[in-house]
2 protein chains.
Amino acid sequence: MNIGEASSASGVSAKMIRYYEEIGLIRPMGRSGNNYRVYGEEEVHILRFIKRARNLGFSLEETETLLKLWQDKSRESSAVKEIATAHIGDLERRIAEMQGMVKTLKHLAHCCGGDNRPNCPILDDLAGDGEMGDRAVGKKIHA
Amino acid sequence: MNIGEASSASGVSAKMIRYYEEIGLIRPMGRSGNNYRVYGEEEVHILRFIKRARNLGFSLEETETLLKLWQDKSRESSAVKEIATAHIGDLERRIAEMQGMVKTLKHLAHCCGGDNRPNCPILDDLAGDGEMGDRAVGKKIHA
DNA sequence: TGTGGAGCTTCCCATCATGGGAAGGTCAAG
DNA sequence: CTTGACCTTCCCATGATGGGAAGCTCCACA
């Protein structure tokens, strides 16, 4: 199997497959005589594992850890659960932050006429007319 | 006012102030004899505007538009409201996506013993044992 | 046998917003 | 006059991904 086939079989772009190899997330593939990378079912399975972990929002670093645990037949499931739980916390924090932003924005949008007149509470708020900053929802966006 | 003072007055790091100038988000500052950038209240006000927009999750590009609208005394508030509303939609989409991830992960974590045995439904799921991928929550993480 | 196009290779660059740090000039306090 | 805090510019890194160029290989078809 060439990289293109592995790509469509796994849903990971060829670009990304090479990148994952480069950063050591997956082992360097064997090459055929023409210097093309050669993949088997095993590799495709791994790529699908990675894809799914990414879909669940795990970083490549977390994915690497999960991958190692997956391949470690004697792992303790608590190790995996810890990573998942931490990740859930992470997601929930970011969700809460964004919900705060939405709440503020909805309020402002609600107060804004949205017509052809210049008066706009959204801009007034951004400008901090009622005295300055950090009344904002969350301080850091990438918390 | 030097850049350090402007930074602590606005909450925007000196690094970022220079960057904003470089990309044209703010006008190049006047320089004093020693080649130091010089800021006044006006500039600090603008920096705070930017800071607050960023806190609300607007991109720098959106922030630039908002900034121009702010300075355009004859703007129509509908233009601002449109941006805000679009941004709300954006945030809500991302929130929904993450909530889906959380839901899936919570279910998996709930089913995982989290003990010293290797058996782990989380990994089983990532491996796609019940037939392959895209049962995942959202296809793309950065939708 | 020749040719065209699809697919592979590597290498470099861009994104987005931010931070780190080096090398060197400047200023104020001791 | 030294020391340290501040400023300047310049380059590099992050995380995950895509775009594209230049050059090779392979296969199918005329």
Side-chain angles (χ1 to χ4, degrees), chain A residues 1-26 28-39 43 47 50-67 87 90-91 94 97 101 138-143, chain B residues 1-26 28-39 43 47 50-67 87 90-91 94 97 101 138-143:
Chain A
M1 211 187 322
N2 286 339
I3 201 170
E5 286 170 89
S7 168
S8 38
S10 65
V12 179
S13 76
K15 232 29 177 172
M16 279 301 103
I17 296 176
R18 292 193 199 99
Y19 175 66
Y20 292 161
E21 181 181 320
E22 189 193 325
I23 64 170
L25 181 59
I26 57 180
M29 288 302 113
R31 303 293 181 111
S32 54
N34 52 20
N35 197 33
Y36 287 9
R37 288 171 181 82
V38 178
Y39 300 83
E43 283 79 30
L47 288 170
I50 294 171
K51 178 103 217 256
R52 179 123 170 86
R54 299 284 306 119
N55 279 348
L56 285 172
F58 288 103
S59 69
L60 284 184
E61 205 178 347
E62 289 166 326
T63 302
E64 187 172 13
T65 309
L66 292 170
L67 201 48
H87 185 51
D90 227 67
L91 287 169
R94 289 198 275 153
E97 203 168 7
M101 295 179 197
K139 304 249 171 148
K140 287 277 171 197
I141 284 155
H142 303 289
Chain B
M1 208 187 323
N2 286 340
I3 200 170
E5 285 169 273
S7 167
S8 40
S10 64
V12 179
S13 75
K15 238 12 183 183
M16 279 303 101
I17 297 177
R18 292 192 200 99
Y19 175 66
Y20 293 160
E21 181 180 320
E22 189 193 326
I23 63 170
L25 181 59
I26 57 180
M29 288 303 113
R31 304 292 181 111
S32 56
N34 50 20
N35 197 33
Y36 289 9
R37 288 171 181 83
V38 179
Y39 300 83
E43 283 77 33
L47 288 170
I50 293 170
K51 176 101 217 250
R52 180 129 169 81
R54 301 282 307 118
N55 278 349
L56 285 172
F58 289 102
S59 69
L60 284 184
E61 206 178 348
E62 289 166 325
T63 302
E64 189 172 12
T65 308
L66 291 171
L67 201 47
H87 185 53
D90 225 69
L91 286 169
R94 290 199 276 153
E97 204 168 7
M101 295 179 195
K139 304 247 168 147
K140 288 276 170 198
I141 284 157
H142 303 289

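Source: prediction; values computed, not measured. A, B, ... follow the sequence lines: proteins, then strands. Residue 1 opens every chain.
Between Y36(A) and M16(A), it is M16(A) whose nearest contact on DNA chain D lies nearer the 5' terminus.
Residue T63(B) holds its OG1 atom at 7.5 Å from OH of Y20(B), rounded to the nearest 0.5 Å. With values rounded to the nearest 0.5 angstrom, E21(A) atom CD is found 4.5 Å from R37(A) atom CZ. Atom CE of residue M29(B) and atom CD1 of residue I17(B) lie 9.0 Å apart, to the nearest 0.5 angstrom. Rounded to the nearest 0.5 Å, atoms CD1 (I50(B)) and CG (L60(B)) are 8.0 Å apart. We find the CD-NE2 distance between E62(A) and H87(A) to be 5.5 Å, quoted to the nearest 0.5 Å.
At a cut-off of 3.5 angstrom, counting only N and O atoms as typed in the model, there is no donor on one side facing an acceptor on the other between the side-chain of Y19(A) and the base of dG15(D).
The distance between atom CZ of R18(B) and atom C1' of dA17(C), rounded to the nearest whole Å, is 16 Å. The distance between atom CD of E21(A) and atom P of dC8(C), rounded to the nearest whole Å, is 14 Å. Distance CD1 (I50(A)) to P (dT17(D)): 10 Å, rounded to an integer number of Å. At whole-Å resolution of the value, NZ in K15(B) and C1' in dA13(D) are 12 Å apart. Rounding to whole angstrom units, CD1 of residue I3(A) and P of dC26(D) are separated by 16 Å. Between the P atom of dC27(D) and the CD atom of E5(A) lies a distance of 12 Å, rounded to the nearest Å. When rounded to the nearest whole Å, the span between CD of E22(A) and C1' of dG15(D) equals 13 Å. To the nearest angstrom, C1' of dA17(C) lies 13 Å from CD of E61(B).
Applying the 4.0 Å criterion to OP1 and OP2 of dT9(D), one finds that R31(B) has a side-chain N or O inside that range. Between dC16(C) and S59(B), no contact under 4.0 Å exists linking OP1 or OP2 to a side-chain N or O. Using a 4.0 Å cut-off, no side-chain N or O of S13(A) falls inside it from OP1 or OP2 of dT17(D). When the side-chain nitrogen and oxygen atoms of Y20(B) are compared with OP1 and OP2 of dT18(C), one or more of them lie within a distance under 4.0 Å. The shortest distance between the side-chain N/O atoms of N34(B) and the OP1/OP2 oxygens of dT8(D) is not below 4.0 Å. Dashed line: the shortest gap from a side-chain N or O of N2(B) to OP1 or OP2 of dC6(D) is not under 4.0 Å.
Using a 4.0 Å heavy-atom distance criterion, R37(B) is classed as a sugar-phosphate-only contact.
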